[in-house]
Structures are given as C-alpha cells and as structure tokens.
Participant: 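Quick one: the structure is below, questions incoming.
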Amino acid sequence: MSYLFHTEEDRAEMLGSIGAESVQQLLDAQVPASVQLKRPLKLPAATDEINLTRELTQSAATNASTSSHVCFLGGGAYDHFIPAVVDEIASRGEYYTSYTPYQAEVSQGNLQVMFEYETLITQLTGLGVSNASLYDGGSAATEAVLMSLAIKRDRSKVITSDVVHPHYRETLAAYLHNVDVELVVVPSDDDGLSTPMIDAIDEQTACVLIQHPNYVGRLESVASIAAAAKEAGALTIESFDPISLGRLKRPGDLGVDIAVAEGQCLGNPLAYGGPYLGIMACREDLVRRLPGRIAGQTTDRRGKRCWVLTLQTREQHIRRDKATSNICSNQTLLALRSSVYLSLLGPHGLRETADQCIAKLSYAKECFEACERFEVLHPGAAVKEFVVRDLSADVGGLMDHASQSGVLAGINLDPLVGDSTSSLPDRYQHCFLVAVTEQRTRSEIQSLVRTLESAPALASPPT
Amino acid sequence: MSYLFHTEEDRAEMLGSIGAESVQQLLDAQVPASVQLKRPLKLPAATDEINLTRELTQSAATNASTSSHVCFLGGGAYDHFIPAVVDEIASRGEYYTSYTPYQAEVSQGNLQVMFEYETLITQLTGLGVSNASLYDGGSAATEAVLMSLAIKRDRSKVITSDVVHPHYRETLAAYLHNVDVELVVVPSDDDGLSTPMIDAIDEQTACVLIQHPNYVGRLESVASIAAAAKEAGALTIESFDPISLGRLKRPGDLGVDIAVAEGQCLGNPLAYGGPYLGIMACREDLVRRLPGRIAGQTTDRRGKRCWVLTLQTREQHIRRDKATSNICSNQTLLALRSSVYLSLLGPHGLRETADQCIAKLSYAKECFEACERFEVLHPGAAVKEFVVRDLSADVGGLMDHASQSGVLAGINLDPLVGDSTSSLPDRYQHCFLVAVTEQRTRSEIQSLVRTLESAPALASPPT
Amino acid sequence: MRNQQASQLLFELSRPGRRAHTFDSLDVPEPDLEQMFDSDDLAATPPPLPELAEGDVVRHFVGLSTLNMSVDTHFYPLGSCTMKYNPKRNERIASLPGFAHVHPMQEASTIQGLLHCLYELQEMLAEISGLPGVSLQPAAGAHGELTALFVAAAYFQSRGENRRVVLTADSAHGTNPASAQMAGFATKTVKSNGDGLVDLDDLKAKLGDDTAVFMLTNPNTLGLFDRQIETINHLVHEAGALIYLDGANMNAILGITRPGDFGADLMHYNPHKTFSGPHGGGGPGAGPICVRDFLAPFLPGPIVTRQMDDDGQPILELTTPEHSIGRVRSFFGNVGVLMRAYIYIRTYGGDGLRRVSEDAVLGANYLLSKVKHILDVPHGDRCMHEFVASATRLKKQSGLSAMDLAKRVLDYGFHAPTVYFPLVVDEAVMVEPTETESKQTLDAFAEALFRITEESDDLVHEAPHTTRISRPDDVAAARRPVLKWSDASDETATP
Amino acid sequence: MRNQQASQLLFELSRPGRRAHTFDSLDVPEPDLEQMFDSDDLAATPPPLPELAEGDVVRHFVGLSTLNMSVDTHFYPLGSCTMKYNPKRNERIASLPGFAHVHPMQEASTIQGLLHCLYELQEMLAEISGLPGVSLQPAAGAHGELTALFVAAAYFQSRGENRRVVLTADSAHGTNPASAQMAGFATKTVKSNGDGLVDLDDLKAKLGDDTAVFMLTNPNTLGLFDRQIETINHLVHEAGALIYLDGANMNAILGITRPGDFGADLMHYNPHKTFSGPHGGGGPGAGPICVRDFLAPFLPGPIVTRQMDDDGQPILELTTPEHSIGRVRSFFGNVGVLMRAYIYIRTYGGDGLRRVSEDAVLGANYLLSKVKHILDVPHGDRCMHEFVASATRLKKQSGLSAMDLAKRVLDYGFHAPTVYFPLVVDEAVMVEPTETESKQTLDAFAEALFRITEESDDLVHEAPHTTRISRPDDVAAARRPVLKWSDASDETATP
Ligand SMILES: Cc1ncc(COP(=O)(O)O)c(C=O)c1O
Ligand SMILES: Cc1ncc(COP(=O)(O)O)c(C=O)c1O
C-alpha cells in the first residue's frame, strides 16, 4: 500500500518479537478506548499515481501561472528567471531529503552550503554576519524588530512607514499585539517617501523599519534615516530587495544595523507565496541576539577545516523560553537555491539583472506615460516597480480584463488602501502596482499597455 | 561566454606555458591555411538562457503531446505511465553525465545497474542472457537477424511476415541490402496472423523473425513457428512487447532463441521516436555471438563481489572488423530507466498493467463495435492494440479531425499499405491502428469514439 | 573517489572575469542611470560575489551534496523528526507550473484549481484532527505554535480574561516555551512523572486563573501516549484554560485518535514530518493549525472558503475571519509544502493513513523489542511511533556516552538517532524508525547497535572513522566564531 | 558514510508481497481473460521480477549512483570522449512535454514547433560541416558510420561501380572497421607514419578501383590534424573513392575548418560529444550524418523539409529522399539527444562555437605543455583538442603501466584518461581535457600525474585505494561468465 514496506509475513514476525497479538493490541494498551476513533477517517479515497497525476495535472492547467500568462505582478514576490542549474541542484535527494545538520560529520554538504550562504549574504548586504535563513521576508522584518527590542531593552517604540509592505506591517502588528510596545506608522510624503519618519524618532525608539525600494517602488533616503536613528540611539532595519543591490548601495554601506529581505527573487519559485526565504544580516557585534541557525567554521579532531551549527545558545532547543526566537525548521533548501543562484550570477550577472530591470521598467513607464488614460504616480528613479493610476476604470475589473487576455498586469492597490496599521495611504486609490523583471520583453510590455488601454472604461469616473 | 572557463589572464598564462602567441598560432601550425574557414559560421546568434528558454517553451507549447492530447497512438511506442521515481533517478548527474564504465572502480553504480538490467531482462523474457542494450527495437530486430546469420553461417535466407513492424522490416532490408541474403516476407492470413510463414521455412533458412503481438495487435502462434524453425535447424527471433509479458507467455517459454523488443514502454519518454531502448536476450549458449556490451560479476583483489564489462572480445574496440557488431554508444540511461520501472512494478504491477491494457482495449473495441460506422478488423484476444476500418472517410482526414479535438486517435495505416518488403497487406486499407494503455480512462475512450463518429463522412465512400 | 576540489569554498574557486549567467543585449533603450538616479543611491561596484563558470557551480554543489546523509540514501531514525520516505510523485506534481509558478497576488478567480486543493486540505486537516477551524498560514511547527498562542490570547482578550501564563511540559520541545515567551506569555514548566507522563499533581499545582494554555505533546517526546488524557482534559478546562497540542507526533495516531476528541483546543501539524514533506536540510516546513469552532474567528487570514455561484458551481474565495489576529507572515503560506501534504493524503486516503500510523507503531515497537536487550529503555517496552533509550548504563560501564554511540552509528551507514533530547532522560537516545523502513533495515540497525556495544571503547570514542571529517570542535566554533569566509584557510589535497 | 544495504542487488532486497506501484480499481468492465485468450498464450504467473517498496527502489538507485564518477562530479579527461559540461538548460528544455512527450507517429501538422527545431538543426549541421545533405536518423556515431557506408554503397551501385573495399586507418576507432564489415564491405588498414599521420605511401598502395571509401578521422585519435589533408583528398578522389570523416573529434575544429572544405564527402557527428549531449553512462547518443549534394538522394528518410503555404508561411514536412536506402532504425531518430544539440548550438552561435574549439585546443595544449615533462608525448608538443602520451618509459623504469597510472589517477579524484587507445601508441594515455575545465583543474591534474610518478611503485601497482572496490578480476569474469543474478553471493556488511 503506497509507501509501506511490511508484508504479512514481516508483520507476523515483528509482532512475535514484540510479544503482541496485533497492532490494535499495542494501541489499546496505550490509547484509552474512550478517545479512540471508532470510524474510518472521512477523506477522499486513496488514489493511485496514475490517476492522481492525471487529475492534478489537469487541475494545475486550470490555474493562470507565469508559464501561461505574462506576469507584471510584484509586491515582494517577482517573476525573475530561475536558471536550470538551480532546479537541478535543489532536486538532489541528498539536499532535499536531509534534516537539520545535527550530526555534522554526515552533514558537511548542508553545513558548507549554509556557511557559503551566510558569506554570500554578507557580501550582498555589506553587513558583518548573516543567519542561515528565516521563514520569509515578512517574518524576517518582524524578527528584526523583536531583535532590536531585545537589544534596546529600555525602549518600547517601533517606527515604520505606510509605504512598507502591508503584509510585513500586518505581521509585525500581530506579533506586537500582546507585548508592551508602541508601533508608530508614519505617513509617507506625497512623493511616496518615508523621510517624515525622521521627525518621529525619539529617545524611546528602539528601531525604525524601512523598505528600500519601498512598496510603491520609491528609493528611500536610507542613509539619512539611519543617521537620525543612530543619533537617537535607535537601530535601523532595512528591508531590501536583493536584486536591486546589483545597482543600489548595500544596507551595510548606508549605515543600516539589521538588513532583512524576501529572498524569493533569488532563484525560488513563486509557488503562490511560499516556501520563501527570509534573509537576515546584521552588524557583527549584534550576533548573539540574532535569531535562527548559524553555521560556523571549525576544525575536526585531525585539524581539518569543517563546519558546524554554532552559537546555539541563542536557540530554542538549548535556551527554551530564553531563546532569541522560537524558530526551528527554517528555509535551508531555499537558501541553497539562492546560493546557487548568486553563484551563477556573480557580481556582473547581478548587476546586469538589476540593469535590465531598470531599463525595462523605464521603458514600461514611458509606454504608460505615453497613454492619456494612465498616470504614472511617481516619476524618477525606480528599479523594478512603479504605480499607475487609472481614473477611468475600476482597477479590479481592469486587472481581470488583462488576465483574461493572458496578462497579469499588476497588483490592484485599492483593497490595500485604508487606515489600519497595515494600509497604504489614500493617494494609492485607483492605482495598481506594476513590476517589470529582466524576463519581460519589449513586446510583452507593449502588449501590457495595449491590453489595459483597450479595457472598457467606467461610465462615470470615480471621484 | 556560455560554459567557458578561461579568463583573459588564464589564457595569457596558458599560452605562456605552451610557448605560443595565440590560439590562432597553434591552429596555423597544424591546420593548413588553405582549408581554414575564413568567415564566421552562419548560425543563429548566441542566445541567453532566458531568451532561449522563453522561445523554446513557446515552441514546445505549439506541439500536440500526450500532455495536451489524449493519445491512442501505438505502433511500437506507447503512452504508458512513467512513475515520478524513474525521472528522479535518471536525472541524477552521476548517471546521466558519466561515460561507458571503462574504469570499473569508479563505475560500480553503472555496472551494477547494467548487471541488474540484464537480470531483469532474463527474468522478463525467460531467456538465459541479455546484453546491456541496443539502440531501439528496430535495430535490435536487425541485429538479431545478423547474429543468426553469423551463427548459421551456411544459411542465407531470412523469413519474416508482412505484419511485423514496417519500420523494423525496412531497417532489416537496408542492412541486408549489400549482403548476400534472401529476405522473404511471407503474407499473413486473413486473420492477420503469420502462421503461413511455417511453410516457407526450409533448410536454407537461418532464422525467422516474428512479432508477438504483431503490428496489427494479433497474437501469433509463436510456439508452433518456433517448433517448425527448430525442426528446420533455423533460429526463431521474437520481437515482443515487454508490457504484454505481464500476462502472455515469455519468449523463452515459447521456444524462442533470440528475443528483441522496443523498451520505450518501460518508463521511457516518447520523445518523437528516441532515444529508445533496444532489448535483446538469447539462449545462454549463443552469448559469444551476442552484440553489444555485457556486464558480468567478478571479484576485486580483496575478494569483494563487483561488476565489470566482460566478454569484450565480441566488441569493436577489441575485435574491430571481426566484432559481432559495430555498436559502441548504446542506451544505458534508458536501460537504467527501465530497470527502475520494472523494479517499481514488480511481477504484480506488470501483470496489473497488462490486465488494465487488456480490459481497456476490450472496452474500446466494444465501443467501436457498437458504432455502425466502424468495423473492428480482428475480433478476439489482444493486449493493447487493434485495427479499425472506416469506409466512410479518408483516414488521414479522420485522424486530423480528432487531433483538432484533442485526441490522437490512431495511426493511419493507409500510407503503410503497399507492396514493398516493409508494407502492410491491402487488407489494412482505410484502417487505423488504435492503442489503449493503462493510462486511458473510460471517459477518454468514450470521447475517442464520439469524436471519430462525429467526423464528416466522405460524399462517396472509397471502394 | 572524492573530488578534491569539492572541499574548496565557492569563494576559493572564484576567478575574476569568470562568468556563468550571461545576457543578450537589451531589447529596450538603455537608460542613462547617472541621470535617472541620485548618485548617492548607486553603488560604484556590484557586491563582491564570487565569479564562477556554470560548470564550477554544478560540480561544487553536486559534490557537496554527496557529503550529506539523507532519507534518499540512508536510514535516518532521528527521533521526533519523522524522517519517512519523501514520495517523488509529490515533488513532480507540486512542481507543475500551474502550482509552482503562481504569483501570490493573483486574484482567486485565476487559481481555482489550486484553491480547490488548499480548500480540500483544510477540510482534511480538520477531519484528521477533529478540530474544525484551519489556517494554513504558518511556515513551520514552531510558527504554528506561536500563531495558535496569538489566537488563544485574542480569544481570552475578547472575553476580557487576563490569562498571562502558558504551561509547558518538561519533556516538551524547546519551541513550546520559546513560542509562549514570544507570544507575550509567562511560562511555567509542568514536570513529568516516573512513567514519563504528565505529573498530574504538578499540573494541578500550576494551573490557575492566570493559565491561558497548557501545551501538551501527545504522544509525547518519549513516544508515549498519555493515558491520563481524560483527566488532563478535565483539569485544564476546569481551570478555564485551553489545551494546545504539539502535533509533531501525529504520525503515531492518524485515524486512531483525534486531538479534538481527546481534548485539544488548538494544535499544529508538521506536514514536513507527518505528511512526508521533505525536510530540505532543515526546512522548509509548514505549520498549519486547527482550532475549535469558538477559536476559528481569531485565525489569521486569508482562509479558503467555498461559495456556490448562480449555477450552483463551487467558487473558492479567500476570506479573513471576523476577529482575525491579522497575519503572521506575508502571503498565503508555504503552499509548496502544503501541496505535497495534500498529494500525500490523497495517495493514502483514510484507511491508508491509519495504516501508516499502525505501521509506524509496529516498526517502533519492533525495534524497541530488539534495542531493549542492548540499551536501557526507561519507560517500558511499549511505545507509539518512537521510543527513548538511555546510554546511562553504558556510560557507567565503559564511559561511552550517547554521543559516542551516535557517532559510531554513522560508521555503520545509518544516521544517528536524536540524542540528549528529551531532556528528562539522561543520555537519551531517541529512535523513530517510521513506517517506510523495512524489517531488514530495522534488523541491521539493531545489529549495529549491538555490535557497537561490543566494540572497543577507543574505537567508539574516536568514531566516526568513515566519514569525511572526524568530530568537529564545537567549543572552538562558538568561542571564536568564524561565520563567513574572508580568506579562511584552504584545504590541501592529498589522497 | 556508505549505506551498507546499497551494495545488495535488487533481487536480494526483494521480499514476496512487497509492492511499490499499485492501481485503483478498473473503471471499465473486467474482461474474462480465460475466455478471451487461448490458454496457450497466457502465462500462469507473471515474470519473477523482484518485489520492492518505492523507498527500496529510490534508496537503491540513488545509492548506486554515488559509486560513479561523472562530469557533474569529477574531471573526466577521457580521450576521444569529449566529456564536457552537460548544460542543465538543455535537460530542462528538452524535457518539456511539447518535446519529450510527442508520439513518433503524430502527423507533421501537430508538431510544427518541434520540426522547426529539427529543420534548423539540419541546416546548422550542414553549415558546420560544409556538407549540405543531412540525416538526423542514426542513433550513435557508429550507427552514423554504418548509415553513411550504406549511402556510399547505394551511390556506387547507382553508378554501376563495384567497389567493395573500405580503407580504415590503423589509428581509427574500432567502430570504423566494424561498421565497414557490417555494411558488407571488405576492409583494409592504412598505416600511420612516424608523425602519427596517414602514411601516404601505404594509402596509395591500398587505394584502387575497388576502393569505395577511405574512413579518416581528422583531427585523428592522436589529437593531430593531418596537414597532408589536401594530398589525401586528391589521392582518394583521384581513385574514384569517397572520403568519410569520423566526426568524433569535431570539438577541435568548429568554425575553424570544415570537413566539406577539406575534402570529406560523408561524415557523422557525435552530438553527445561535440554538442554536449550527456553520455548517460554509455548512451544514448546520436549520429547524424552529413553528405555532399550528390549523395543526398540516398540518405535514409524521413528528412525535415520546408515548404511555404499559400500565405507564405513556412510549413515543415517529412520527406524521404528519392533514392533513399530506406531506414536504419524505427521512427525519426534520437530526438531527445538532437534537441540538446540544437539548444547547445543556439546557446553559442557561430562565434561561440569557434571559441569552444579554440578553448578546447588551448586547454589541451596547455595540459600537454605540463604533461610532457612527466610522460613522453611521442607526437610532438602541439595538438588539437587532445593528446596521447605514453607510459613506455615509465614502464621500463619502474614497471608501471598506463593501466597502473590510470588506476592511481582515480585516487586523486579524477577520472582516468583513455588508456591503450589508439593502438598505434604503446602504453597510450590519451588525454582530452575539453574547454569546460578550469586552469586550476588542469594544474591539479598535471600535479597529480607528477606526484604519481614520484610515488612508490607498490602504491601505484595496488591502486586504486580510495574507491569502493580494488581492481576487479577481468579474466575470471570472462572465463566463467556470471551474467545475471541467480543467487550470487551476498555482501556482508562490516564498516
Ligand atoms: C515535538 C516537536 N515540536 C515542535 C517542533 C517544531 O517544529 P518545526 O521544526 O516545524 O518548527 C518539533 C520539530 O523538531 C518537534 O519535534
Ligand atoms: C573516434 C571515434 N569514432 C567513433 C566513435 C563511435 O561513436 P559512438 O560511440 O557514438 O557510436 C567514437 C566513440 O567513442 C570515437 O571516439
């Protein structure tokens, strides 16, 4: 039956050795009859590989995907190209069917990969130390805030901005709900920038959390904000876009203390939101408060260089309720994928990828700007995302229209506008967020704009 | 550039060590200027992975395939299910990027796989020995004939039948064209059986080549034919269908001397015809005339069981023009896939697969029989293929109609009917060959018949 | 047969100017970056990543992979981790573009097939647990614990109850107290009794008005089902608190008993354990949670719900529960892992899942029946899906620790059991064979343990002998952390 | 770290009743087989295949894979085999359902995308070779040789010429004479001269009225380009014979010189060498052939041709040449391998391919410049893409043979070079580094060779020491062949 091994003969022999009549007898001896389930589980019937493969292949084919549609969706998850090498490596059983490297002697592969990943992340961010991964960009941003609060024990204010990723802020709010911390979301200025945040920083501030480029694609004045935070004795957390660092300055070079990112863009499939990769790096002196596993270098009994999990006293399995975080399973396989991705790209490939995004985004912006119907909200520099306003249609309907023509045109920002801690400001009403990666072609961009332009307009535009 | 390694610095150092100014100088020293190409090759420009992947993914999507269409095509290549395990194993670099196991010490994986494959094939066929693979079913059938001719040096007649796979006969004819051998293609009887062949066997006959089930899906009287051949001192070669052996008697149990098969059905992708797997097994005493590589068991210097390429004096790299065949590269990776497939199926899975084919074929036959428009040519037992006649339409047009509705309905036999050595007899005019594998469902079969039934009929049916 | 270069680091293989990923020229105009960007924003040079050829990258990472033990290559009886066979069909199906290449911000209307699977998975998890409210959002078991505690906190808050304490068992996994602390609770530890079960007196003593949740692992980390469960259930609920079930050990009880039926109010699953999601060298996992109906309004959103359209056709939508705690991560959840769980459950069906647990219990008891002749097994000769032996006697007799034993096991071609966990057993050796190992393998493993106890102490002390490295110096690693390559010393190659 | 069970054979792992692949019940009526079939046709029991669980199968074959060296894991300088990096994008793209799951009997109208690629590949191969007629049908290099000889035979037959002899070089690969014999020709061997090139006098002596074809390898198996090529060309054609080029060494001359331009009338490619098709542990390969225009009518069919439809859109069709020899196998050809070649050529383009050959030549000459200080290299210090050294001096001095050297190389983590081929060099050591290896790797390999020559004779004689097995007894294997498992002795497991 499916993946089971024991033949009837095996079962009999095994029960004999145990000295039991049946497995039921073993269970009855342990599980009170009163709590045993007396009926079969009500689940769909067992299905063989042929039928399940057929059924789910057909089901998969009903979903729009980046294979069936041209994707301009972003907002923290991007349709960047995944080189074939990444899939080939990550599909090796020795990687994906192993556990956390608790026995270093038979886990040197995973441990070296983790050590290399950590090094790559420090190279990428310009910061001194990286952990071996967290769950995703959103929880990583939150863990960075918790880490800051632990470092700045006497401070209880966290400052962020309304152009930081709505999901990240919503996560942060959920985590902070039961603890005695004030979360201040500072409104961005008309240019979609978080600079006003500077004025909110005070002596009570443990940390500021900014995103660069921010959710609406704008480049923040990270260095100024970090300088102001430092001045006030607060820590600066930057949520960065890894691809953008092919061209933009690194967090470590901007005065940032803790850098976090969603690592999906580094060779990981979109997979409707996960598993993704939470990246986290920080100043070297903060390492003992860093959450998550860390691999480090040491030597074996024969003096040979090797790798181990280290600084484990930060972790839950040693320190229980005193740990820096509760994280146990992390995203090692995704960290592996990202290491392979970064190794393939190298410095020049990363720069070229960023530059291709910038060039194609610029072209897309121009195409929208050339169109009467649309307004590009924030002109100026951007790496892979920008906001377009269309007053002549319901944005949801517009996006539906496009997806029926095979284009995933953008993220409808209307549902994200509001006045909760996680909302976007009103300025983004009637807007959508367009992401352009290096994969998009000139003709795809042209057809995006053409498709949207041809969508029916509302009888009376909204006010 | 793509997969190259040398940096400019490397190049300079390497040239320095060689003592050459440039690679061009190295070339000029060896390749006469008169034959050097003075212009760049006229090939499409280099294309990066992103663009090539996009272009060819789009190109692939334009092809009908068993993923986009329901496939009832057979004729020696079948849409059997390929378990995920097969792909996973065969995509391991240690298998697919290694060479022929010339250094046994670092090739024990491939060698053991070959030895296991050979054993599996002997278990499957009931014959004493198997080689490690030939190119495909067609060339394997031909090699078996050449092998028979080499064994029966004093005989020069080869007998086969007009219901043996047309491609196999065409291949055989091409190979025999320059040698002094008479190829006799005996017409089948009205039931599509090759029994008349028996009367053609004589003292000059080196071998008979039959296919069972034959090209039109009929079960041959293999045992009688083999007995007659044996009586006349000739060898019997059976081209079998591996899946059918889940239910049918094995070649070795029918008195066959050499069994060959197309092994595509054992876990290998259709891939528009190749690479496929030529299976060949024979009586143990014929092994020294067997073409192709063979792995055998031996011990190492420490007495440990191990595997090597053996009986190499049959092969071209040792015996050159005295070899049993010229084959060098074979189909090891496909043999691996088939070994994994057979290991997963086991005796019961193979039987169940055959039985599901038989049941679904029977159902399909009934559906066609229930339809006035169609005639099922040969009633009676069949494993996975049968012939349908439609006098009311041009068969080519009928098949086109079906494929436009997402069904690859069958092989149009009209183009194969004729009077060359490789033709099918006239009885198969206006016919098509339908194959039904375990993958087909009741509703797919129903829609096959419905689709064909709904095809426009000819104004005046052919005569 | 080792490729010597494979022990080098990526950074040591790097050569300036070497390239793998290259690009065709742009098909759009090249913008003037200097003009477009503020010069303060631009980096003069890209990050100093290594420069490699594609062949370098492949050989490096393929080579490294061969230094790992894994379920695909070795028996991996790592207690508490349920290292069962990871089906290849799960990998293939979950990787189809229609599942794997779907953007998380796509509208529900464009992904009905996927949402159908996720909806069914919610229903399945509810049925298996006996708890009707399901959130697929958490990214791992620990994340599920945390999320459920947020839910519990919101629930009590909604009732105006100020319950600030979470009780955890001393045999619990470290994530339990860590999650409780992170969720803003104070923690108290409940002791185990001599049978390895919850010490009821201690539980009673610690339960009070301020108790929000008792976090229970059942079967617990000793592989024992707590037969006092009804009493526990009564006591905790009497005190007005909730029971949280750490579902890491669900592999023992699928279709046999349901957390909802034995008193749990909230729980998480580890689909990467119970439902064969591969562990990926440490992750990803997923941590879906199930809760009682009265807790469902507090679950994080979105959740997949089903409506009927005008034609009576089901339409799947994403909704957020009324009093939702919000969200605990970005986007929907670890869909890739969840899809594998879904495929796994579809493969077995209800009877099959029960059989999975039965075979897991059979295998563990069989191995226990052999191992008890080799090592002490302090908590009796019956267990559920795993058992915990102790190397204390061995340590006394020959100075060999659980660690020594574990290291020597590696030489026999098996991964080691979990050691030194749970903390309530000295020199713990925690063995979980899972249902996807043959009797032959279990016999060979028991035989290896036996042989090791007969071997010379030195041999075992110095183990492992056949692995790439001998025991690493953990102390030096922590004392003088080297956490990234700068120009770490190179390996020299001698065969 | 070796899993001991991995050395067992599938058949030894088998247990009656164990199952991997299982089936849902039939969705059509179950026929009565007894009634349907003649009882003579039915087997009482299915073939006695092994019975295994899915986990058995995976662990077994994954385990075995780790006993192979391969390009993905090791430098593999196996002369004549062009073990270059096998690009992963080729694997991914060729495996797309629209290429990999196409039935060979589909009508051309349903596979225009695929036929477009194959058509372009024909054009590319014609351009690279300078020979316009192309057949993609042959399944490997040797099969290409045979097919081309059939074409030559048909050509001469069409002219009424009775030419029954094929000349092959003494340095040629064994497939050359074997193919000639199989194609019905008599064979004669042409000697090499002292420079390792064709001995022109011997060629002249053997050329005659009865000569059909001279099979030439150029660059030859010594890695030398025959600079007498124009003379050879002249002599052979003067005699009314054709020149066949064994294209196994095309990796040396892409875009540098073309067989059609230096006199070849027919040739094969080995896309699994030159165009990066993986070797699969021995195959599959492909052996497309290119011929001069006057030979094209004899090629096997089908061939992809391009027509324009009424709208001027290209339509691809399958046609059979007018005087076709028929076919040499079933169906179209080894499309999976051909698609990889197509993708490879598209990746590099024309300039890129030339660079491939330049780097192959550079790498080989560089390695030669190092190795010549370690071993004798009888044919000078310049080569094309490979070179042949000789261990004769070593043998005289220390009794170490090419074989000993090769075995010891394995211990250094490299695959061995080809040894004892070509036959014209004593104790031949044939090294082909390919263009996809770094200078570091070449240096490490040369260093290993050097060290080996300094090592104690015994150490080298007894090599390899670090592999799974020591040297196998080939003689016993051939003398008492054990070619299948019956109940071959089991391995016992001691670490
Ligand atoms: C008993 C127990 N609880 C909780 C966890 C944490 O689960 P995860 O690693 O998925 O976060 C584990 C994992 O090892 C466990 O064994
Ligand atoms: C020089 C030469 N010719 C011909 C061949 C035969 O090619 P294949 O193995 O593809 O049949 C080879 C393969 O090793 C070769 O090296």
Side-chain angles (χ1 to χ4, degrees), chain A residues 1-3 5 7 47-61 65-71 79-97 267 340-341 344-346 348-349 352-353 355-357 360 406 436-444, chain B residues 1-3 5 7 47-61 65-71 78-97 267 340-341 344-346 348-349 352-353 356-357 360 406 436-444:
Chain A
M1 196 172 185
S2 302
Y3 314 116
F5 273 72
T7 64
T47 310
D48 70 21
E49 186 176 359
I50 298 181
N51 287 324
L52 200 53
T53 304
R54 184 193 310 103
E55 177 195 324
L56 293 178
T57 302
Q58 284 165 2
S59 165
S65 72
T66 60
S67 303
S68 64
H69 285 58
V70 181
C71 180
D79 183 25
H80 288 290
F81 183 70
I82 302 177
V85 171
V86 177
D87 285 335
E88 173 112 2
I89 297 295
S91 61
R92 286 183 62 83
E94 292 93 329
Y95 283 127
Y96 82 85
T97 78
V340 177
Y341 181 87
L344 289 169
L345 263 64
H348 304 288
E352 182 81 23
T353 302
D355 284 355
Q356 289 227 353
C357 292
K360 287 170 175 181
V436 187
T437 70
E438 81 288 1
Q439 292 219 75
R440 299 287 73 80
T441 63
R442 179 190 204 105
S443 77
E444 287 172 349
Chain B
M1 198 173 187
S2 302
Y3 314 115
F5 273 73
T7 64
T47 310
D48 70 22
E49 186 175 0
I50 298 181
N51 287 323
L52 200 54
T53 304
R54 184 192 311 103
E55 176 195 325
L56 292 177
T57 302
Q58 284 165 3
S59 165
S65 72
T66 61
S67 302
S68 64
H69 286 56
V70 181
C71 180
Y78 301 93
D79 182 26
H80 289 289
F81 184 70
I82 302 177
V85 171
V86 178
D87 285 335
E88 173 112 2
I89 297 294
S91 61
R92 286 184 62 82
E94 291 93 328
Y95 283 127
Y96 83 85
T97 77
V340 177
Y341 181 86
L344 289 170
L345 262 64
H348 305 288
E352 181 79 22
T353 302
Q356 289 227 354
C357 292
K360 288 171 173 179
V436 187
T437 69
E438 82 288 1
Q439 291 218 77
R440 298 288 73 79
T441 63
R442 180 191 203 105
S443 78
E444 286 172 350

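Proteins get letters first, then strands, A, B, ... in listed order; numbering begins at 1 in each.
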Participant: Given heavy-atom pairs under 4.5 angstrom as the criterion, report whether the side chain, backbone, both or neither of S91(A) touches chain B.
Facilitator: backbone

Participant: Quick one: what part of Q356(B) sits under 4.5 Å from any heavy atom of chain A, side chain, backbone, both or neither?
Facilitator: neither

Participant: Does the side chain of E94(A) reach to within under 4.5 Å of the side chain of R92(B), using non-hydrogen atoms?
Facilitator: yes

Participant: Heavy-atom cut-off 4.5 Å, strictly under: side chain, backbone, both or neither for A84(B) against chain A?
Facilitator: both

Participant: Can you name the residues that form a side-chain hydrogen bond (donor to acceptor under 3.5 Å, both in side chains) with E438(A), not counting sequence neighbours?
Facilitator: H80(A)

Participant: Would T66(B) and Q439(B) satisfy side chain to side chain contact (heavy atoms under 4.5 Å, CB included), going step by step from the backbone distance to the final call?
Facilitator: CA-CA 11 Å; T66(B) 61; Q439(B) 291 218 77; over 6 Å; no

Participant: Side chain from CB out, backbone as N, CA, C, O: work out which of these in T53(A) comes under 4.5 Å of a heavy atom of chain B, or both, or neither.
Facilitator: side chain

Participant: Please enumerate all residues that pass side-chain hydrogen bond (donor to acceptor under 3.5 Å, both in side chains) together with Y341(B), with sequence neighbours excluded.
Facilitator: none

